[in-house]
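Order of the sequence lines sets the chain letters (A, B, ...), proteins ahead of strands, with each chain counted from 1. Remember, predicted model here, so these are calculated numbers, not experimental data.
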Protein chains: 2
Amino acid sequence: MYSCSDHKSCLSDALYVADKICQKKGLRFTPLRKIILEMIWSNHEPSKAYDILDKLKDVNLSAKPPTVYRTLDFLLENGLIHKLNSLNAYIGCSHPLEHSECFFLFCQECKEIKECCNKELAKAINQTASNNKFQPMNVTLEIQGECQECTDKARL
Amino acid sequence: MYSCSDHKSCLSDALYVADKICQKKGLRFTPLRKIILEMIWSNHEPSKAYDILDKLKDVNLSAKPPTVYRTLDFLLENGLIHKLNSLNAYIGCSHPLEHSECFFLFCQECKEIKECCNKELAKAINQTASNNKFQPMNVTLEIQGECQECTDKARL
DNA sequence: TTTTATTATGTTATAATATAACATTTAAAG
DNA sequence: CTTTAAATGTTATATTATAACATAATAAAA
Ligand SMILES: [Zn+2]
Ligand SMILES: [Zn+2]
Ligand SMILES: [Zn+2]
Ligand SMILES: [Zn+2]
């Protein structure tokens with residue numbers, strides 16, 4: 001679906017921005033944090049915690065679940081990745097710090113995920129919450145379905 | 001938050017509707033399915049699978065995880081409950097069969113959940129998907145925050 | 001520059017959530 | 001009835017995540 005023209009630059013951009021953000025916030029972008037972010041950005045598919053752990057064991061034999069979950073927490077807290085609750089999986093944020101009104105389209109066929117932003121939609125969500133006298137703090141919007149490419153392929 | 005005026009009728013209505021739906025669809029609303037739906041409707045808070053299992057053990061000593069998960073699957077498949085992915089919890093559907101464009105407001109303070117529907121919002125979501133050439137099949141929209149009542153209480 | 005405090009990581013154990021696979025029982029259909 | 005299908009029972013295990021405490025690395029203070 002997402003067919004980025006040059007995924008190497010997706011990856012290097014993400015790492016560059018993460019580094020900048022950590023500098024700015026006075027956070028430490030340690031080798032562990034960097035390698036896990038790198039793994040998550042290895043493609044545009046969601047990453048599962050224990051898959052990350054398995055990969056991590058290739059470079060760090062003694063890696064264990066807390067190693068991964070703590071790092072995921074760090075990356076989540078600082079907006080560098082998102083958690084996809086309906087998949088129990090994680091994906092790199094495609095524009096850290098810019099804003100938080102993001103949602104996700106994920107294709108059940110090709111597994112790719114697209115992070116989308118839409119002010120109108122964000123407004124509609126806030127409006128609805130407000131109609132219900134509700135103060136939103138954390139919004140999960142995950143849309144599963146099929147992308148155009150996969151729909152086209154299926155028709156052939 | 002939800003402060004239904006008479007929860008006994010929430011419960012009995014839900015069971016009545018479930019029964020009707022099962023009849024109409026030729027499904028069996030077995031005692032197990034009924035009691036679990038009843039447990040889920042015991043309040044307007046999300047129910048966790050293993051809490052349901054514990055309660056179930058009071059009436060059926062040999063109950064085990066598959067007992068619960070299979071029943072949850074049945075109730076989910078037939079639209080009688082919803083799963084809240086961001087909580088790994090389940091909640092009774094407040095209007096089974098009517099439509100599927102629902103989303104959830106849940107108050108982190110009082111733990112109550114409100115199922116909401118809003119055609120405009122549903123339209124906005126579909127429009128956004130469509131703008132991305134994406135065919136939505138399953139939408140998760142969960143809004144965590146604070147309800148008016150809890151905000152007011154905190155101010156006192 | 002040592003000392004101290006803080007943050008990050010290592011390690012062991014276990015909690016919480018969910019499913020696979022196969023056996024038995026119950027109900028529906030023929 | 002008898003066969004078939006659906007539901008439930010049962011055992012085992014997979015998957016996801018955290019608690020609690022030990023050690024190491026870095027930063028801040030003295
Ligand atoms: Zn890319
Ligand atoms: Zn696709
Ligand atoms: Zn009620
Ligand atoms: Zn509340």
Item to complete: Nearest-nucleotide wise, let me know which of B:Pro65 and B:Arg28 is further upstream toward the 5' end of DNA chain D.
Response: B:Arg28

Response to the item:
Out of C:dT12, D:dA17, C:dG10, minimum distance to the side chain of A:Asn60 belongs to C:dG10

Response to the item:
Nearest heavy-atom approach of B:Cys93 to B:Gly79 is CB-O, 3.4 Å

Worksheet item: Hey, mind stepping through A:Gln108 and A:Gln144 against side-chain hydrogen bond (donor to acceptor under 3.5 Å, both in side chains) and telling me if it holds?
Response: CA-CA 7 Å; A:Gln108 293 168 335; A:Gln144 301 195 39; 3.2 Å; yes

Worksheet, complete the sentence: From the list A:Ile21, A:Asn78, A:Leu80, side-chain contact (heavy atoms from CB on, under 4.5 Å) partner of A:Leu97 resolves to A:Ile21

Worksheet item: Do any side-chain nitrogens or oxygens of A:Tyr50 fall under 4.0 Å of OP1 or OP2 in D:dT15?
Response: no

Worksheet entry | A:Thr67 vs C:dT11: side-chain N/O to OP1/OP2 distance below 4.0 Å | no

Worksheet item: Hey, is the side chain of B:Lys48 poking within less than 4.0 Å of OP1 or OP2 on C:dA16, counting only N and O atoms?
Response: no

Worksheet item: Counting side-chain heavy atoms from C-beta on, which of D:dT8, D:dA17, C:dT9 comes nearest to B:Leu32?
Response: D:dT8

Worksheet item: If you check the A:Pro66 side chain, which of D:dA7, D:dA20, D:dA19 turns out closest?
Response: D:dA19

Worksheet item: Residues from residues 73-93 of chain A sitting under 4.0 Å of DNA chain D, heavy atoms only?
Response: A:Lys83, A:Asn88, A:Tyr90

Worksheet, complete the sentence: For B:Phe74 and B:Arg28 the tightest heavy-atom approach is CZ-O, 4.0 Å

Discussion item. It should be established whether B:Arg33 places a side-chain nitrogen or oxygen under 4.0 Å from OP1 or OP2 of nucleotide D:dT8.
Written reply: yes

